[in-house]
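Structure first, then comments.
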Amino acid sequence: MAQPMPILRADSRPRLLDLFSCAGGAAVGYARAGFAVDGCDIADRPHYPFPCHRGDALAYLAHLIATGEIRRYVFVHASPPCQHGCALTVGTNASQGWGRAHVDLVAPTRELLDATGLPYVIEQPNGRAKIRKDLTLCGEMFGLGVIRHRNFELGGWNIERPAHRPHRGRVRGYRHGQYFDGPYVAAYGNGGGKPSIPELQAAMGIDWTDVREELTEAIPPAYTEHIGAAFLATAALGAAA
């Protein structure tokens, strides 16, 4: 396995808070765009390549707001748990009576993010999550080996929406007992002809973790590198105006 990315920290880099940070798919993209990143996740994430607070993300954000420490940051990214509204939960699992109830954290996350007064992003997969789809990104936009549509609500700023690129074929794997080949791998689950760990790492552009669960929960760093670069460019234009 590749060595974890070294922690990057320089006083001149704008600081970003990464909530519900998981293994750092979003964080690495923002770091590549030019941010110094601090994470927060309720689970122990030893592969997370930046400083990370372990604890409840919303309680930590409330603490940062109450103490004024939130002013260390210029931007906040939040990826609250997506199981409540994701397509799998509300589609296949619901129709088959599978799964369990999940807590919807999008609304309380947004409420606290608004209270920070900072620009922010809330990320969610396709499904019924109640966010504005100000931006939708797909792996094909970045030449990746996954489709992995993700929606982003932008708070306090805006970005030009890139055109969606047609997919080049199917996602490789089994569907209802039939195998289909295609240029994309399935970045979720374990069975049904799912990719190997090295295939999944290559398709996502992630090399600092080899834990399947972390890989399947992550978003490709290319997405947030795009978002972060766009925000920094917007901020620079505002400062120059």
Side chain to side chain contact (heavy atoms under 4.5 Å, CB included) partners for T136, two or more places apart = K133, N151, R161

Working for side-chain contact (heavy atoms from CB on, under 4.5 Å), residues R32 and T224 = CA-CA 9 Å; R32 290 173 180 168; T224 46; over 6 Å; no

By side chain to side chain donor-acceptor pair (under 3.5 Å) - contacts of H63 (at least two apart) = E69

Quick one: does F20's side chain get under 4.5 Å of L58's, heavy atoms only?
-> yes

If we only count heavy atoms from C-beta on, is the Q124 to P80 side-chain gap below 4.5 Å?
-> yes

NZ (K130) and CD1 (I122) are apart, to the nearest 0.5 Å, by 14.0 Å

Residues that, via side-chain heavy atoms closer than 4.5 angstrom, fall in one hydrophobic cluster with Y179 = Y174

Check the side chains of H77 and E123 for a donor-acceptor pair under 3.5 angstrom, ignoring hydrogens and angles.
-> no

To the nearest 0.5 Å, how far apart are CD1 in I219 and CZ in R148?
-> 9.0 Å

Heavy-atom distance under 4.5 Å between the side chains of L17 and F75, does that happen here?
-> no

Does one hydrophobic cluster hold both F152 and M204, with members joined at side-chain heavy-atom distances below 4.5 Å?
-> yes

Pairing residues for P162 by the side chain to side chain contact (heavy atoms under 4.5 Å, CB included) criterion, not counting sequence neighbours | L135, L137, M141, H226

Got a list of side-chain donor-acceptor pairs under 3.5 Å for residues 227-236, not counting sequence neighbours?
unit_1: T234; atom_1: OG1; unit_2: A230; atom_2: O; d: 2.9

To the nearest 0.5 Å, what is the distance between CZ (R71) and CD1 (I65)?
-> 11.5 Å

Stepwise salt bridge (Lys or Arg N to Asp or Glu O under 4.0 Å) test for R170 and D181 | CA-CA 7 Å; R170 299 188 65 114; D181 201 1; over 6 Å; no

Side-chain polar contacts of residues 113-121 - donor-acceptor pairs under 3.5 angstrom, sequence neighbours left out - could you list them?
unit_1: D114; atom_1: OD1; unit_2: Y120; atom_2: OH; d: 2.8
unit_1: T116; atom_1: OG1; unit_2: L113; atom_2: O; d: 2.6
unit_1: T116; atom_1: OG1; unit_2: L118; atom_2: N; d: 3.0

Considering only heavy atoms from C-beta outward, does the side chain of P81 approach that of L105 to under 4.5 Å?
-> yes

V211 versus H47: any side-chain heavy-atom pair under 4.5 Å?
-> yes

Is there a chain of hydrophobic side chains (I, L, V, M, F, W, Y, each step under 4.5 Å between heavy atoms) that links L112 to I42?
-> no

Would you call the rings of H164 and H149 parallel, tilted or perpendicular, where under 30° means parallel and over 60° means perpendicular?
-> tilted

Pairs touching residues 136-146 that satisfy salt bridge (charged side-chain N to carboxylate O under 4.0 Å, His left out), sequence neighbours left out | E140-R168

Student check: side-chain heavy atoms of R150 and P220 closer than 4.5 Å = no

Could you pull out all residues at least two apart from R212 that satisfy side chain to side chain donor-acceptor pair (under 3.5 Å)?
-> none

Report the residues that fulfil side chain to side chain contact (heavy atoms under 4.5 Å, CB included) with C40, sequence neighbours left out, ordered by chain and then residue number.
-> L19, H53, A57, Y60

Over 12 foreign heavy atoms within 6.0 Å of CZ, R175 = yes

Are any of the side-chain heavy atoms of T216 and L200 separated by less than 4.5 Å?
-> yes

Mind jotting down which residue pairs meet the salt bridge (charged side-chain N to carboxylate O under 4.0 Å, His left out) criterion with at least one end in residues 193-205? Sequence neighbours excluded, please.
-> R172-E199

State, yes or no, whether a side-chain contact exists between S79 and C22 at a heavy-atom distance under 4.5 Å.
-> no

Could you check W208 against Y48 for ring-ring contact (aromatic ring centres under 6.0 Å, His included), going step by step and ending with a plain yes or no?
-> CA-CA 8 Å; W208 61 91; Y48 191 80; 9.0 Å; no

Using side chain to side chain contact (heavy atoms under 4.5 Å, CB included) as the criterion, list what pairs up with A43, not counting sequence neighbours.
-> D41, R45

Could you go step by step and tell me if Y188 and V146 meet the side-chain contact (heavy atoms from CB on, under 4.5 Å) rule?
-> CA-CA 10 Å; Y188 56 88; V146 290; over 6 Å; no

For D134, all residues meeting salt bridge (Lys or Arg N to Asp or Glu O under 4.0 Å), sequence neighbours excluded | R132

